[in-house]
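Input: a single structure, listed below in structure tokens.
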Amino acid sequence: QVQLVESGGGLVQAGGSLRLSCVASGRTFSSYAMGWFRQAPGKDREFVGGITRNGDSTYYADSVKGRFTSSRDNAKNTMYLQMNSLKPEDTAVYYCAASRIVGWTRASENYAYWGQGTQVTVSS
């Protein structure tokens, strides 16, 4: 089992940047594919990006491609989401999640462990 804690959210103006972190407990972080999801008020949770177990591949939703970058440091049990050129429509609670799947997946049902979320608010 793994516990996840996100941090780094906050209020930023449009065009600004934020870096989210997701710290995992336990010694098996490198055995999990990781993902970022977000949920805006009144909307369904959506996939933002994913990264494979060893970090050699990353995947993004079209809405954030070219602006967001996911990375991980398995030695520190930490995953990151660098968010640049933020837009008001990026406002949401952002969650990190862990999956046992080989490769990557955008399907939330494939992620067994979730963090509590961190709020990102982008003002216009």
Side-chain angles (χ1 to χ4, degrees):
Q1 191 165 355
V2 61
Q3 293 182 327
L4 305 172
V5 179
E6 304 96 335
S7 63
L11 173 64
V12 64
Q13 289 188 333
S17 298
L18 282 174
R19 188 195 197 200
L20 305 184
S21 297
C22 171
V23 179
S25 64
R27 301 180 180 180
T28 60
F29 179 66
S30 60
S31 66
Y32 292 92
M34 299 295 295
W36 288 101
F37 291 78
R38 67 186 182 187
Q39 187 167 21
K43 294 187 177 182
D44 293 334
R45 184 169 53 190
E46 64 173 354
F47 173 80
V48 174
I51 188 167
T52 51
R53 296 179 180 187
N54 62 6
D56 61 346
S57 295
T58 54
Y59 305 86
Y60 303 96
D62 288 343
S63 58
V64 306
K65 200 172 295 182
R67 300 187 298 122
F68 291 11
T69 303
S70 184
S71 61
R72 65 190 296 167
D73 184 340
N74 285 346
K76 295 182 178 180
N77 281 12
T78 304
M79 175 177 66
Y80 305 97
L81 184 67
Q82 178 67 43
M83 305 185 296
N84 299 328
S85 302
L86 283 161
K87 305 175 181 179
E89 52 262 44
D90 294 319
T91 295
V93 177
Y94 283 70
Y95 300 89
C96 66
S99 172
R100 281 285 194 183
I101 198 167
V102 177
W104 72 281
T105 177
R106 65 173 65 242
S108 60
E109 58 265 29
N110 289 333
Y111 289 85
Y113 305 105
W114 293 80
Q116 84 289 347
T118 185
Q119 176 70 47
V120 171
T121 303
V122 184
S123 63
S124 57

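The first residue of the sequence shown is numbered 1, and numbering continues consecutively from there. Computed from a predicted model, the values in this text were never measured in an experiment.
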Taking all heavy atoms of [X] and all of [Y], pick out the closest pair and write down the distance.
X	Y	answer
V64	V48	CG2-O, 3.5 Å
L4	M34	CD2-CE, 4.0 Å
S124	P88	CB-CG, 3.8 Å
I101	T105	CG2-CG2, 3.7 Å
A24	V2	CB-CG2, 3.6 Å
S99	Y111	CB-CD2, 3.5 Å

Are R106 and Y59 packed together at the side-chain level, in the sense that at least one heavy-atom pair is separated by less than 4.5 angstrom?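 Heavy-atom side-chain distance check fails, nothing below 4.5 Å.
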Just so I know, are the side chains of Q119 and T91 near enough to count as touching, which here means a heavy-atom distance under 4.5 Å?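 Q119 reaches T91 side chain to side chain.
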Atom [atom1] of [X] and atom [atom2] of [Y]: how far apart are they, to the nearest 0.5 Å?
X	Y	atom1	atom2	value
Q1	T28	CD	OG1	10.0 Å
Y60	F47	OH	CZ	9.0 Å
T69	M83	OG1	CE	11.0 Å
S70	L81	OG	CG	6.0 Å
E6	Y95	CD	OH	8.0 Å
F29	D73	CZ	CG	8.5 Å

Please indicate whether [X] has more than 12 foreign heavy atoms, meaning atoms of other residues, nucleotides or ligands, lying under 6.0 Å from its [atom1].
X	atom1	value
Q13	CD	no
Q39	CD	yes
D56	CG	yes

Please test R38 against V120 for side-chain contact (heavy atoms from CB on, under 4.5 Å), starting from the C-alpha separation and ending with a verdict. CA-CA 9 Å; R38 67 186 182 187; V120 171; over 6 Å; no
Pair D62 + K65, salt bridge at N-O below 4.0 Å: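 Salt bridge between D62 and K65, a charged N being under 4.0 Å from a carboxylate O: yes.
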If only side-chain N and O atoms count, and only distance matters, is there a donor-acceptor pair under 3.5 Å linking R100 with S31?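 A donor-acceptor contact under 3.5 Å links the two side chains.
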After noting the C-alpha distance and the side-chain angles of S30 and R53, does the key distance pass the side-chain contact (heavy atoms from CB on, under 4.5 Å) rule? CA-CA 5 Å; S30 60; R53 296 179 180 187; 5.9 Å; no
How are the rings of F68 and Y94 set to each other: parallel, tilted or perpendicular (split at 30° and 60°)?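 Taking Y94 first and then F68, their aromatic rings sit tilted (interplane angle of 30° to 60°).
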Can you get from Y113 to M79 by hopping between Ile, Leu, Val, Met, Phe, Trp and Tyr side chains that sit under 4.5 Å apart?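 Yes, Y113 and M79 fall within the same hydrophobic cluster.
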Test side-chain contact (heavy atoms from CB on, under 4.5 Å) applied to W104 and S57, step by step: CA-CA 9 Å; W104 72 281; S57 295; over 6 Å; no
What about the rings of W114 and F37, do their centers lie closer together than 6.0 Å?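 Yes, ring centres under 6.0 Å apart.
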Counting only N and O atoms by type, is there a donor-acceptor contact under 3.5 Å from the side chain of R67 to the main-chain atoms of S85?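 Yes, R67 side chain to S85 backbone: donor-acceptor pair under 3.5 Å.
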Tell me, please, whether Y80 has R19 positioned over its six-membered ring: NZ or CZ under 6.0 Å from the ring centre and within 45 degrees of its axis?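 Judged by the rule (NZ or CZ under 6.0 Å from the ring centre, within 45° of its axis), R19 counts as positioned above Y80.
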